[in-house]
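Working notes for the structure below.
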2 protein chains.
Amino acid sequence: MAERAGARARTGAGRSLPKSHRTRERILDAAARVLGSKGYAGTRLQDVAAEAGLQAPAIYYYFGSRDELIAEVMYVGAHRVRGHVIDVLAALPVETDAMGRILAAVEAHLRYELLISDYTTASVRNAGQVPESVRERAAAEEAAYSHMWRDLFEQAQAAGELRSDLDLNLTRFLIIGAMNWAAEWWDPKHRTLDDLVASTQALVLNGVGRH
Amino acid sequence: MAERAGARARTGAGRSLPKSHRTRERILDAAARVLGSKGYAGTRLQDVAAEAGLQAPAIYYYFGSRDELIAEVMYVGAHRVRGHVIDVLAALPVETDAMGRILAAVEAHLRYELLISDYTTASVRNAGQVPESVRERAAAEEAAYSHMWRDLFEQAQAAGELRSDLDLNLTRFLIIGAMNWAAEWWDPKHRTLDDLVASTQALVLNGVGRH
DNA sequence: GTCTATACTCGGATAGAC
DNA sequence: GTCTATCCGAGTATAGAC
């Protein structure tokens with residue numbers, strides 16, 4: 001789960017992150033986990049602190065309030081998936097066709113959401129529950145991410161790689177929804193992530209692709 | 001907890017529902033709405049009471065505790081979708097093929113979830129957040145519902161109406177997930193429910209159907 | 001049956017020691 | 001930077017009037 005920095009060398013010299021920064025990151029990771037499992041109203045600073053290995057008041061040294069901490073988790077979650085998917089797309093061979101790019105994005109989204117980051121789960125599960133004021137910063141990120149997916153689908157459509165009778169917006173939301181919801185039921189003990197990725201890609205390819 | 005007797009109509013004869021029963025139902029409806037929008041920990045009895053048009057302590061006449069009320073909402077939510085889908089399937093012409101039954105179930109699920117019932121949204125959104133003890137009763141209903149979908153897919157597979165290379169379990173969860181998630185983004189002001197139903201059915205038909 | 005008043009608990013936030 | 005101690009508002013639940 002977390003991109004927890006892991007204990008860095010105590011030995012001085014090569015230290016790239018000051019201690020305060022690492023503690024802040026640990027609190028953020030802990031908050032993402034609690035937020036993802038307990039929800040917005042259920043997220044207690046005491047639980048976050050326990051997960052991070054310190055006492056609740058220490059959180060106030062790094063964040064102004066509970067809502068500020070939660071807003072940061074939501075923002076970071078949305079920001080990092082988007083960054084990850086964009087990196088993966090950028091690394092594809094230039095000759096990759098539009099459908100190939102969609103399938104790569106599907107894989108990148110699923111792997112990041114389910115394997116790497118608690119933030120995305122937290123963000124996605126609580127989007128509908130947190131007050132407007134707390135969502136604001138994350139909302140811009142989410143809009144940008146949604147925009148990226150729309151571009152992918154529109155490029156595929158322009159290239160004639162999609163069925164022509166499709167409602168692109170509805171279909172896109174359905175597919176993203178299927179992936180987001182996977183966080184609710186996917187259990188690594190029952191199914192490998194590779195299998196889930198393959199099934200999702202198959203559903204997308206057959207469901208929207210021209211053949 | 002459910003059928004606490006309650007006082008019956010004083011006026012005798014023609015009344016089909018005693019007043020106490022109707023008030024209980026109103027509280028339950030209100031709780032479903034609040035639970036769906038605020039989440040488990042965010043559901044305050046005061047808000048539920050306000051939605052139902054009475055004061056918070058009145059709730060205790062019908063329910064033993066906050067958790068008992070919420071557990072009832074979760075149970076009723078799961079119970080009613082399942083009942084609705086089963087009714088729709090039972091009303092289909094006997095000659096309907098297996099894929100036709102799946103598409104009918106997709107339509108029934110979406111219409112019930114998005115148009116008729118706040119319960120399903122509440123149940124679906126909070127499945128991961130409420131404590132085990134509160135989920136217990138609803139869990140059996142959800143298992144039965146999941147079982148019903150598995151039957152539908154297995155019958156389609158046995159009839160040779162599905163692609164042969166499919167992981168049936170994963171695909172089923174992906175499709176149910178896409179539908180459940182629709183409650184998070186579908187906005188009747190932008191898209192008609194008919195359009196959503198059609199797009200979902202198309203995704204299923206092309207995504208898993210043979211040819 | 002539904003209300004007002006209130007006891008009790010819990011969690012966010014601040015003060016101030018170290 | 002992180003702790004202990006504490007204040008305070010919010011929310012569940014109960015008592016008891018009507």
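Lettering of chains follows the sequences in order, A, B, ..., and the numbering in each one begins at 1.
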ask   = Using a cut-off of 4.0 Å between protein heavy atoms and nucleotide atoms, how would you tag nucleotides 2-18 of chain D 5' to 3' with B, S and -?
value = BBBB-----SSBB----

query = Going by the angle between their ring planes, with limits at 30° and 60°, are B:Trp149 and B:His109 parallel, tilted or perpendicular?
reply =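 Rings of B:Trp149 and B:His109: perpendicular, over 60°.
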
Within 6.0 angstrom of A:Glu154 CD, more than 12 heavy atoms from elsewhere = yes

message = Check this for me: A:Gln201, atom CD, are more than 12 non-hydrogen atoms of other residues, nucleotides or ligands nearer than 6.0 Å?
response = yes

query = Taking side chain as C-beta onward, heavy atoms only, is B:Val124 less than 4.5 Å from B:Trp181?
reply = no

query = With no hydrogens and no angle check, do the side chains of B:Asp187 and B:His190 hold a donor and an acceptor under 3.5 Å apart?
reply = yes

ask   = Only one of B:Glu142, B:Glu113, B:Glu141 clears salt bridge (charged side-chain N to carboxylate O under 4.0 Å, His left out) with B:Arg82; which?
value =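 Filter result, single survivor: B:Glu141.
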
request  = Test side-chain contact (heavy atoms from CB on, under 4.5 Å) on B:Asn169 and B:Phe153 and set out the steps.
outcome  = CA-CA 9 Å; B:Asn169 287 312; B:Phe153 275 84; over 6 Å; no

Check whether [X] reaches the backbone of [Y] with its side chain - one donor and one acceptor, N or O, closer than 3.5 Å.
{"X": "B:Thr96", "Y": "B:Pro93", "result": "yes"}
{"X": "B:Asn126", "Y": "B:Leu35", "result": "yes"}
{"X": "A:Arg66", "Y": "A:Thr43", "result": "yes"}

query = Taking five pairs at each end of the helix from C:dG1-D:dC18 to C:dC18-D:dG1, what angle separates the two helix axes (nearest 10°)?
reply = 0°

key: Interface with DNA chain C, restricted to residues 30-42 of chain B and to heavy atoms under 4.0 Å   =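 Within residues 30-42 of chain B, no residue comes under 4.0 Å of DNA chain C.
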
